[in-house]
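Atom set for the values below is all heavy atoms of this structure, side chains included, hydrogens, waters and symmetry mates excluded.
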Amino acid sequence: MADEKTSQKKEENKKKPKRHHNKNYAVKKRLPARPVDGENVIFITKKTNFKAQLDKCCDLLTKGEKEIILHGLGAAIQRCCNLALQLEILFSGTCQIEVNTGTVEVIDDLEPLVDELDFDAQLRNTSSIHIRVFRTAMLGANQ
């Protein structure tokens, strides 16, 4: 019984195309497809200064925006979570967060380094997080 399962797994693994790092191609990563754009939608990256991202979120929330949506992919997930938690601390009990995780398909272009080869593309999956930070009460408002 166990032998049948292991043989089935080996057959399934053979069917899946594996990505091999090929020295004949240069990998160019495309920008992922962005969900709905808006003033309150912020895409978190590892390259942008954390303090600048935090200030932008604070400005939006203090100017009366009821919610902001933070999006992070791959290595930026940790920064996105940290940013949401910092906002929750800064707005001390007047903000709540709602977290959704998922997987996003991204496309990489393979550019040939040799003239005989053709251009190609490969599909890969990367982790994503979407955090909704919303105001539950306004500071100084009568409750």
Side-chain angles (χ1 to χ4, degrees), residues 1-2 4-114 117-143:
M1 184 95 168
E4 291 175 19
K5 288 183 181 179
T6 55
S7 63
Q8 287 175 352
K9 286 182 182 179
K10 287 180 183 178
E11 289 176 20
E12 288 175 8
N13 289 338
K14 288 179 184 178
K15 293 178 186 176
K16 293 180 184 177
K18 292 185 179 179
R19 290 185 299 143
H20 294 289
H21 184 68
N22 194 340
K23 294 178 183 174
N24 295 327
Y25 287 100
V27 177
K28 303 288 182 182
K29 296 180 179 181
R30 284 189 202 173
L31 287 174
R34 290 190 165 197
V36 180
D37 247 352
E39 190 174 312
N40 65 337
V41 178
I42 300 172
F43 298 95
I44 306 301
T45 64
K46 293 285 285 182
K47 293 181 181 180
T48 308
N49 185 359
F50 182 80
K51 180 74 171 132
Q53 291 172 337
L54 184 62
D55 289 344
K56 182 176 181 179
C57 293
C58 286
D59 287 344
L60 285 173
L61 288 172
T62 54
K63 288 181 181 176
E65 197 71 46
K66 292 187 189 330
E67 71 174 13
I68 58 172
I69 300 169
L70 307 174
H71 295 282
L73 288 178
I77 289 176
Q78 182 178 0
R79 179 175 279 218
C80 193
C81 293
N82 191 14
L83 184 62
L85 292 172
Q86 289 296 318
L87 288 170
E88 191 176 36
I89 291 169
L90 285 173
F91 288 93
S92 63
T94 62
C95 272
Q96 287 188 348
I97 57 176
E98 179 183 302
V99 181
N100 291 316
T101 59
T103 304
V104 176
E105 287 185 341
V106 292
I107 300 171
D108 295 335
D109 292 319
L110 300 174
E111 295 180 358
L113 300 174
V114 183
L117 298 173
D118 291 331
F119 285 87
D120 201 5
Q122 70 182 8
L123 196 66
R124 64 185 170 89
N125 294 322
T126 185
S127 302
S128 67
I129 192 165
H130 312 286
I131 302 176
R132 180 176 159 250
V133 181
F134 57 97
R135 300 293 295 261
T136 55
M138 294 296 202
L139 287 173
N142 293 334
Q143 296 181 1

* Min side-chain heavy-atom separation Gln122-Ile107 under 4.5 Å -> no

* Asked: Sub-3.5 Å donor-acceptor pair from the side chain of Thr136 to the main-chain atoms of Thr94, do we have one?
  -> yes

* Are Asp109 and Val27 close enough, and set up right, to give a side-chain contact (heavy atoms from CB on, under 4.5 Å), and what steps lead you there? -> CA-CA 6 Å; Asp109 292 319; Val27 177; over 6 Å; no

* Asked: Yes or no on side-chain contact (heavy atoms from CB on, under 4.5 Å) for Tyr25 and Val114, after CA distance, side-chain angles and deciding distance?
  -> CA-CA 8 Å; Tyr25 287 100; Val114 183; over 6 Å; no

* **Atom of Arg135, atom of Glu65 and distance for their closest heavy-atom approach** => CG-O, 3.9 Å

* Minimum heavy-atom distance between Ile131 and Cys80, given as atom pair plus value -> CD1-O, 3.7 Å

* Asked: Is any side-chain heavy atom of Cys95 less than 4.5 Å from a side-chain heavy atom of Leu61?
  -> yes

* Heavy atoms only: give me the nearest Arg124-Lys29 pair and the separation to one decimal. => NH2-CD, 3.4 Å

* Validation row: Leu73, Pro32 side chains within 4.5 angstrom (heavy atoms) -> yes

* Full working for side-chain contact (heavy atoms from CB on, under 4.5 Å) between Gln96 and Phe134 -> CA-CA 6 Å; Gln96 287 188 348; Phe134 57 97; 3.5 Å; yes

* To do: Test side-chain contact (heavy atoms from CB on, under 4.5 Å) on Glu67 and Ile69 and set out the steps.
  => CA-CA 7 Å; Glu67 71 174 13; Ile69 300 169; 4.2 Å; yes

* Could you tell me whether the side chain of Thr48 and the main chain of Thr45 form a donor-acceptor pair under 3.5 Å? => no

* To do: Take atom CD of Gln78 as the centre, draw a 6.0 Å sphere, and report whether it contains more than 12 heavy atoms from other residues, nucleotides or ligands.
  => no

* Asked: Got a second to check how far Cys58's SG is from Lys63's NZ, nearest 0.5 Å?
  -> 11.5 Å

* Is the shortest distance from a Lys or Arg side-chain nitrogen in Asp108 or Lys28 to a carboxylate oxygen in the other one below 4.0 Å? -> no

* **Nearest heavy atoms of Ile97 and Val133, plus distance in Å** => CG2-CG2, 3.8 Å

* Close side-chain approach of Ile44 and Leu83, heavy atoms under 4.5 Å -> yes

* Parallel, tilted or perpendicular: rings of His71 and Phe43 (30°, 60°) -> parallel

* Asked: What's the spacing between Ile68 CD1 and Lys56 NZ if we round to 0.5 Å?
  -> 9.5 Å

* Asked: Where do Asn49 and Arg79 come nearest, in terms of heavy atoms and distance?
  -> C-NH1, 4.1 Å

* Over all heavy atoms of both residues, which pair between Ser128 and Ile77 is shortest? Give the atoms and the distance, please. => N-CD1, 4.0 Å

* Asked: Does a side-chain heavy-atom distance below 4.5 Å link Leu87 with Cys57?
  -> yes

* Asked: Going by an N to O cut-off under 4.0 Å, is there a salt bridge joining Asp55 and Lys51?
  -> yes

* Structure fact -> The reported gap from CG in Asn24 to CD in Glu111 (rounded to nearest 0.5 angstrom) is 14.0 Å

* **Leu70 side chain reached by Ile129 side chain, heavy atoms, under 4.5 Å** => no

